[in-house]
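Written out below as structure tokens is the structure these notes cover.
Every heavy atom of this structure was used, including side-chain atoms; hydrogens, water molecules and symmetry mates were not.
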2 protein chains.
Amino acid sequence: MNKQNRQFSIKQIITHQVISNQDDLCQALGKAGFAVTQATLSRDMKELGIARVNTAAGHRYILHVESEERRLTSMIGYEIESIDANENMIVIKTLPGRAQGVAEIIDSVRHPAVLGTLAGDNTIFVTPSSVTKIPEIHKLLKNLMTQKKLDVG
Amino acid sequence: MNKQNRQFSIKQIITHQVISNQDDLCQALGKAGFAVTQATLSRDMKELGIARVNTAAGHRYILHVESEERRLTSMIGYEIESIDANENMIVIKTLPGRAQGVAEIIDSVRHPAVLGTLAGDNTIFVTPSSVTKIPEIHKLLKNLMTQKKLDVG
DNA sequence: AAAGAACTTGCATATTTATGCATAATCATG
DNA sequence: CATGATTATGCATAAATATGCAAGTTCTTT
């Protein structure tokens with residue numbers, strides 16, 4: 001009957017049952033022995049980082065994992081799918097819609113070998129100050145990808 | 001402006017601006033030249049698989065990657081107007097607003113010679129894994145243009 | 001080009017979620 | 001154990017989101 005158990009139960013329920021709104025969840029929790037109101041569930045959702053998405057199959061809740069640990073951890077590794085290069089530039093593939101944000105982080109490093117970045121929806125072109133710098137930048141970016149923290153202004 | 005451009009703009013806006021609700025988004029879109037109502041944005045959110053999450057820093061929107069639909073159209077040939085190349089990359093011109101969709105199809109082929117694509121409104125830059133691959137890609141794209149179906153995983 | 005189908009959007013409003021405030025429960029400290 | 005601080009919760013309602021319907025638009029087919 002405490003908050004922790006209830007919140008754990010919430011995660012279980014939303015991942016294993018069809019829950020379309022907080023009243024649904026309220027009922028499901030009731031069966032599990034947790035009697036709370038919708039207001040409390042709204043607050044639980046916030047604390048658990050649970051997001052609501054509207055799909056063709058109806059409204060669903062998803063765990064937004066990043067939101068729990070994002071505070072000091074950079075998302076950049078999670079967002080980048082690949083880093084490649086040819087003779088002229090480096091190309092980064094990201095999750096859909098993430099290229100802008102990742103490019104901003106790269107810009108913020110202000111590495112002298114990076115002339116500039118150009119971001120679309122899920123692709124970034126990184127232009128080196130000289131083609132001879134490409135391996136160096138490539139290495140920098142690979143490092144960023146696996147780094148846990150970034151001290152970026 | 002049309003729906004496709006607006007939805008692309010929505011993804012851009014929610015990933016690099018602070019947007020807390022659909023009215024915020026409505027205003028941001030207004031500045032970008034898209035005049036629509038909250039009702040339309042609610043529908044766009046659904047189609048784009050955008051979820052809303054409540055964090056300590058306020059309400060935010062996130063892209064729910066799995067729900068992004070990537071369907072292959074056999075219309076790619078119709079959408080492409082021209083394919084050209086210089087020493088470094090290939091440039092594709094499409095019908096207005098079609099570049100994003102065409103680029104996604106090219107990406108989905110995952111041809112090893114294609115390092116990445118970057119799409120604007122009606123122009124796509126295709127970067128080769130090496131400049132020596134340009135003729136090969138050029139040929140591939142020309143083939144795609146006339147092909148009826150794509151057998152792509 | 002006309003007719004019908006399919007898609008898009010706004011309006012009004014129903015549904016759903018978030019929150020200010022008050023109260024109860026839990027915790028920390030002497 | 002008493003007391004003040006912190007945390008948790010419900011109630012009522014404000015804020016935000018979703019949707020039925022109708023009108024306008026675009027696409028298809030003949």
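- At D/dT19, one or more side-chain N or O atoms of A/Asn54 fall inside 4.0 Å of OP1 or OP2 (strictly under the cut-off).
- Donor-acceptor pairing under 3.5 Å, judged by distance alone, is absent between the side chain of B/Gln38 and the base of D/dA16.
- Between A/Arg6 atom CZ and D/dA8 atom C1' the separation is 8 Å, expressed in whole Å.
- Following rounding to the nearest Å, B/His59 (NE2) and D/dA15 (P) show an atom-to-atom distance of 13 Å.
- From A/Asn86, atom CG reaches atom CE of A/Met89 across 7.0 Å, with rounding to the nearest 0.5 Å.
- Between atom CD1 of residue B/Ile134 and atom CG of residue B/Asn88 there is a gap of 6.5 Å, rounded to the nearest 0.5 Å.
- Partners of B/Ser130 according to the side-chain hydrogen bond (donor to acceptor under 3.5 Å, both in side chains) rule, which considers only residues two or more places apart in sequence or in another chain, are A/Glu87, B/Thr132.
- A straight line from CG of B/Asn5 to C1' of C/dT9 spans 17 Å, rounded to a whole angstrom.
- A rotation axis mapping the C1' atoms of four pairs onto the next four is fitted at both ends of the helix from C/dA1-D/dT30 to C/dG30-D/dC1 over five pairs, and the angle between these axes is 50° to 10 degrees.
- To the nearest 0.5 angstrom, A/Leu29 atom CG is 11.5 Å from A/Asn5 atom CG.
- Going from atom CG of A/Asp23 over to atom P of C/dT15 covers 12 Å, rounded to whole Å.
- Here D/dT26 presents its P atom at 14 Å from NZ of B/Lys3, a figure rounded to the nearest Å.
- With a 4.5 Å cut-off on side-chain heavy atoms, A/Gln22 and A/Tyr61 count as touching.
- Checking D/dT17, C/dT16, D/dA8 against the side-chain heavy atoms of B/Arg52 singles out D/dT17 as nearest.
- Rounded to a whole Å, the CG atom of B/Leu25 is 17 Å from the C1' atom of D/dA15.
- Here A/Gln22 reaches the OP1 or OP2 of C/dA18: one of its side-chain N or O atoms lies under 4.0 Å away.
- At C/dT16, none of the side-chain N or O atoms of A/Tyr61 fall inside 4.0 Å of OP1 or OP2 (strictly under the cut-off).
- For the atom pair CZ of B/Arg52 and CE of A/Met45, the computed distance is 13.0 Å after rounding to the nearest 0.5 Å.
- Taking atom CG of residue A/Asn21 and atom C1' of nucleotide D/dA16, one finds them 15 Å apart after rounding to whole Å.
- Rounded to an integer number of Å, the gap from CZ of B/Arg60 to C1' of D/dA16 is 15 Å.
- Heavy-atom contacts from other residues, nucleotides or ligands closer than 6.0 Å to CD of A/Gln12 number more than 12.
- Taking every heavy atom of residues 39-46 of chain B and every atom of DNA chain C, pairs under 4.0 Å involve B/Ala39, B/Thr40, B/Arg43, by number.
- With rounding to the nearest 0.5 angstrom, the CD1 atom of A/Ile19 is 9.0 Å from the CD atom of A/Gln27.
- Atom CG of A/Leu115 is separated from atom OG1 of A/Thr127 by 6.0 Å, given to the nearest 0.5 angstrom.
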